Engineer: 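Quick one: the structure is below, and I'll ask about it shortly.
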Amino acid sequence: MNYDTIVIGAGIAGMLAAIGRAEAGERVLSLSKGHGATHWAAGCLDLFDIGAGDPLAEIESLIAVHPDHPYALVGVDAVQAGAGRLRAACEAGGYPLVGSLRRNLQMPTAVGALRTTCLVPATMAAGDARQLPRSGDGSGPLLIAGFHELRDFFPPLVAANLCALGFAAEGVYLQVPPTERTLDFGTVSFARLFDRPTFRADVGRQLRQLVQRGRYSRIGMPAVLGLDNATQVVSDLQAAAGALIFEIPTLPASVPGMRLYRALETALQRVGGRIQIGAFVRHAEGRGNRLEAIYSEAAAREQRHAAARYVLATGGIAGGGVRADHAGNLVETALGLPLRTPNARADWFAARFLNETGHPVFRTGVAADASLRPLDAAGQVIYENVAVAGSALAGCDPIREGALEGIAAATGWKAGQL
Amino acid sequence: MDHIEFSLTQSLDHCIKCNVCTSACPVAAVTDKFPGPKYVGPQAQRFRHAGQPVPDNSVDYCSGCRVCNEVCPTGVKIVELNARARAQIVAERGMPLRNRIIARAGVVGRLSCGPHAPLVNAGLSIPPLRWVIEQIMQIHRAAPLPSASSYTFRSWFKKHQPPVGARKQVVYYHGCSTQYYEPHVGKAAVAVLERNGYEVIIPTQGCCGLPLLSNGDFAAAKGRHMYNVESLLPYVRRGIPVVGTSTSCTLTLKEEAPELLGLHNQDVRAVAAGTYDIFEFLRNLYDAGDLDTNFRPIQRELPYHPPCQLRAHRIGMPVLDILGLVPGLRLNESHAACCGIAGTYGLKKEKYQIGMDVGAKLFAFVQAANSDLALCDSETCRWQISHGTGVATKHPIEILAQAYGL
Ligand code: SF4
Ligand code: SF4
Ligand code: SF4
């Protein structure tokens with residue numbers, strides 16, 4: 001089957017690239033080895049972590065000094081357009097993202113710290129730290145509510161740590177409403193329960209009683225408030241409780257991340273893109289400076305895929321797009337592209353685990369030109385029909401920079417327009 | 001050390017405990033009896049040691065649908081871990097009579113198929129009799145049992161006149177269900193292959209052994225697989241491809257049997273590498289410019305469920321690719337994880353309801369399509385869909401035959 005474009009990787013970068021090309025009328029196939037990036041992350045858009053400032057302004061000055069950074073390759077316009085396309089996909093799924101590229105948000109985490117991000121789903125909006133009640137400011141305190149049955153989310157701990165930051169917060173455990181499920185609740189099992197109106201009505205009643213007794217103005221809950229219909233779940237809970245409600249991201253599997261993936265998946269399917277997961281692309285076949293075919297792992301023999309153009313969006317070291325082989329060399333896993341990498345293994349890591357400037361190894365990636373085409377060490381284009389997007393690109397440390405989704409959205413969107 | 005042996009000992013460490021698999025597992029989504037792939041797979045495996053009792057029985061509730069493998073971002077072979085763990089339980093404690101019987105689809109089919117089939121079928125539709133079967137055999141009284149055919153596929157093929165002048169040859173692996181229950185699927189496959197210039201060869205063959213594998217009887221499954229390898233090998237060695245219409249049979253020949261049973265000799269590998277799902281085969285023909293694409297238009301929109309056993313081939317959606325070439329025909333993909341039957345899983349008394357709950361999303365999709373026909377490549381899946389929705393089901397190859405005017 002001949003495709004116009006094959007996109008490898010189904011995170012934000014790959015999906016936005018696939019959507020862009022399919023919207024332009026191309027036949028598009030998305031290949032990915034599994035669910036990854038989106039399902040691990042908080043489901044927000046981190047643009048650049050400079051605390052509560054203007055991330056776009058920071059990106060503008062970064063571009064001036066780091067011409068190799070992915071943001072510099074695609075420019076500020078792509079940053080705005082990419083974030084805009086992501087918003088539109090979420091909006092179309094009834095799951096709007098809120099915030100401004102001109103102002104970062106600081107949002108409570110599952111350990112009661114504050115984390116910088118830029119755009120958040122509307123279900124998290126009321127957690128914006130600027131709006132949270134501070135001790136002694138006279139407004140009703142913040143309530144953090146969870147369930148004993150949900151592991152890794154401890155309301156008293158979250159509340160205590162928020163108090164240490166000067167907020168007025170209390171933690172409480174709610175009763176799980178009667179359900180046929182009795183054992184082992186994970187984030188997703190809770191989300192499915194919240195999708196049921198009776199379940200959330202019961203939780204809403206418990207919250208209302210607490211609000212009447214404690215005058216709480218806002219309630220923070222783990223981000224498990226529905227999978228299919230989160231916006232409705234949160235508004236139902238708010239109406240029942242009589243207080244604003246916001247979600248706090250949990251450990252994986254991340255329900256907000258899954259919602260984001262679903263919105264992108266729907267957007268791609270709507271424009272006719274084909275999605276194949278469980279397809280681990282392992283090598284490629286090129287002729288001259290054109291990539292001719294790629295091969296994915298399959299039962300008994302590999303599957304060959306051919307297209308006119310390709311987008312590589314497999315992620316960096318954390319996402320599995322780059323790994324170390326047995327000889328100790330870093331390799332790009334899908335196409336075998338050369339990496340811009342710290343030279344010797346000894347240079348990969350800084351001496352301290354939590355090092356101020358990060359570990360050099362995480363800046364490893366594929367160098368690319370302004371059309372995102374992969375470059376070799378001499379700066380020559382390797383394949384003119386390949387674009388690289390997201391954390392697979394060299395010149396950035398997306399997690400440290402707090403720019404993971406921003407880089408993905410900007411470069412993914414750009415790859416979709418080329 | 002084979003592939004799975006390796007993952008038993010090593011790739012466990014690839015598990016980053018992200019719970020992506022458990023979030024996607026359709027069984028864990030509907031029942032408390034199954035804690036999900038992360039727990040029974042990579043996690044429990046750390047506590048399984050040769051010579052020591054099995055630490056946990058819940059792995060028996062894994063349906064083997066392979067959704068977890070499909071979504072795991074780090075490539076942990078969860079389903080294989082689960083299947084081997086179940087085999088360890090069976091080896092320790094023996095296999096219940098019921099599983100012994102339903103694991104032998106071929107034998108059951110042989111006994112019910114033939115001129116007396118209407119009698120058997122009528123008997124199986126009498127509620128009191130099904131109640132008795134449930135009591136004795138633990139096969140749920142409502143579970144979708146297939147209707148036996150009044151003739152076998154092979155008996156039809158013996159009388160079938162092959163076209164003259166075919167220049168290419170292909171082996172058709174029909175499996176148990178085409179042989180005893182749905183000969184019409186095999187007839188459509190033969191017609192399509194002949195239309196594309198092939199002489200169809202049907203060598204002796206036995207059950208692929210998948211029901212034995214999924215019920216944990218590895219010793220018997222090994223016998224079945226080696227029998228088929230021996231019978232198919234001469235053709236494969238001559239470069240003649242083996243194609244099948246049953247996605248689970250072809251998957252077993254390609255991968256399940258060799259991997260689970262640790263069979264990796266040259267012969268086994270050659271047969272695996274020479275076996276194709278029929279639409280995968282047709283898609284290869286198309287890519288090579290060799291597929292006859294003279295289709296009559298079919299003005300229809302049909303719901304299509306890509307069964308998990310097809311998705312486990314990891315070859316994409318060849319049915320959508322090929323039927324997409326038929327003018328007027330539109331297939332809507334279900335996007336449902338599983339129909340719930342998972343071979344013999346949903347037949348079992350204690351698992352029937354789980355299977356129906358797993359299938360609920362798919363049933364709703366099929367019903368919402370408002371069509372009198374749904375398509376699916378896997379037989380047990382088709383029976384389950386019809387059982388859950390009352391909508392008739394066909395193998396996509398039957399529609400393709402229709403598009404050729406056959
Ligand atoms: S999806 Fe894979 S890595 Fe994640 S918990 Fe499951 S087995 Fe482990
Ligand atoms: S094979 Fe299916 S039922 Fe078994 S653990 Fe994996 S997803 Fe769950
Ligand atoms: S019956 Fe179909 S969907 Fe269900 S388990 Fe089998 S192949 Fe998967």
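Fair warning: this is a prediction, and the values are worked out from it, not measured in the lab. Below, each value reflects all heavy atoms present in this structure, side chains not excepted, and no hydrogens, waters or symmetry copies. Quick note on labels: first sequence line is chain A, next is B, and so on, each numbered from 1.
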Engineer: For Tyr295(A), run the side chain to side chain donor-acceptor pair (under 3.5 Å) check against His283(A), Arg301(A), Arg282(A), Arg304(A) and tell me which one passes.
Structural biologist: Arg304(A)
Engineer: Determine, using ring centers only, whether His39(A) and Tyr261(A) are less than 6.0 Å apart.
Structural biologist: yes
Engineer: Please say whether more than 12 non-hydrogen atoms of neighbouring residues, nucleotides or ligands are located less than 6.0 Å from CG in Leu320(B).
Structural biologist: yes
Engineer: With a 4.5 angstrom heavy-atom cut-off, is it the side chain or the backbone of Gln269(A) that approaches chain B, or both, or neither?
Structural biologist: side chain
Engineer: With chain B, which of Arg274(A), Arg192(A), Lys33(A) has the greatest number of heavy-atom pairs at distances under 4.5 Å?
Structural biologist: Arg274(A)
Engineer: Output the option from Ala299(A), Gly278(A), Gly257(A), Gly320(A) having the highest count of non-hydrogen pairs under 4.5 Å with chain B.
Structural biologist: Ala299(A)
Engineer: What do you reckon, is CD of Gln175(A) surrounded by more than 12 foreign heavy atoms closer than 6.0 Å?
Structural biologist: no
Engineer: Which of the residues Ala29(B), Gly36(B), Cys72(B), Ala272(B) is involved in the greatest number of heavy-atom pairs with chain A at under 4.5 angstrom?
Structural biologist: Ala29(B)
Engineer: Hey, which of Ile322(B), Asp321(B), Val20(B) has the most heavy atom pairs under 4.5 Å with chain A?
Structural biologist: Asp321(B)
Engineer: Stepwise, does the side-chain contact (heavy atoms from CB on, under 4.5 Å) test hold for Thr245(B) with Tyr173(B)?
Structural biologist: CA-CA 8 Å; Thr245(B) 38; Tyr173(B) 184 88; over 6 Å; no
Engineer: Which bit of Glu280(B) comes within less than 4.5 Å of chain A, counting heavy atoms only: side chain, backbone, both or neither?
Structural biologist: side chain
Engineer: If you count heavy-atom pairs within less than 4.5 Å of chain B, which of Ser254(A), Ala279(A), Gly34(A) leads?
Structural biologist: Gly34(A)
Engineer: Do Glu26(A) and Thr5(A) pair up side chain to side chain, a donor and an acceptor below 3.5 Å, judged on atom types alone?
Structural biologist: yes
Engineer: Would Arg330(B) and Tyr304(B) count as a cation-pi pair here, with the cationic atom under 6.0 angstrom from the ring centre and within 45° of the axis?
Structural biologist: no
Engineer: Which one of Thr250(B), Leu251(B), Thr275(B) has the most heavy-atom pairs closer than 4.5 Å to chain A?
Structural biologist: Thr275(B)
Engineer: Between Leu253(B), Val30(B), Asn284(B), Thr31(B), which residue shows the highest count of heavy-atom pairs closer than 4.5 Å to chain A?
Structural biologist: Thr31(B)
Engineer: For Glu70(B), is it the side chain, the backbone, both, or neither that has a heavy atom closer than 4.5 Å to a heavy atom of chain A?
Structural biologist: both
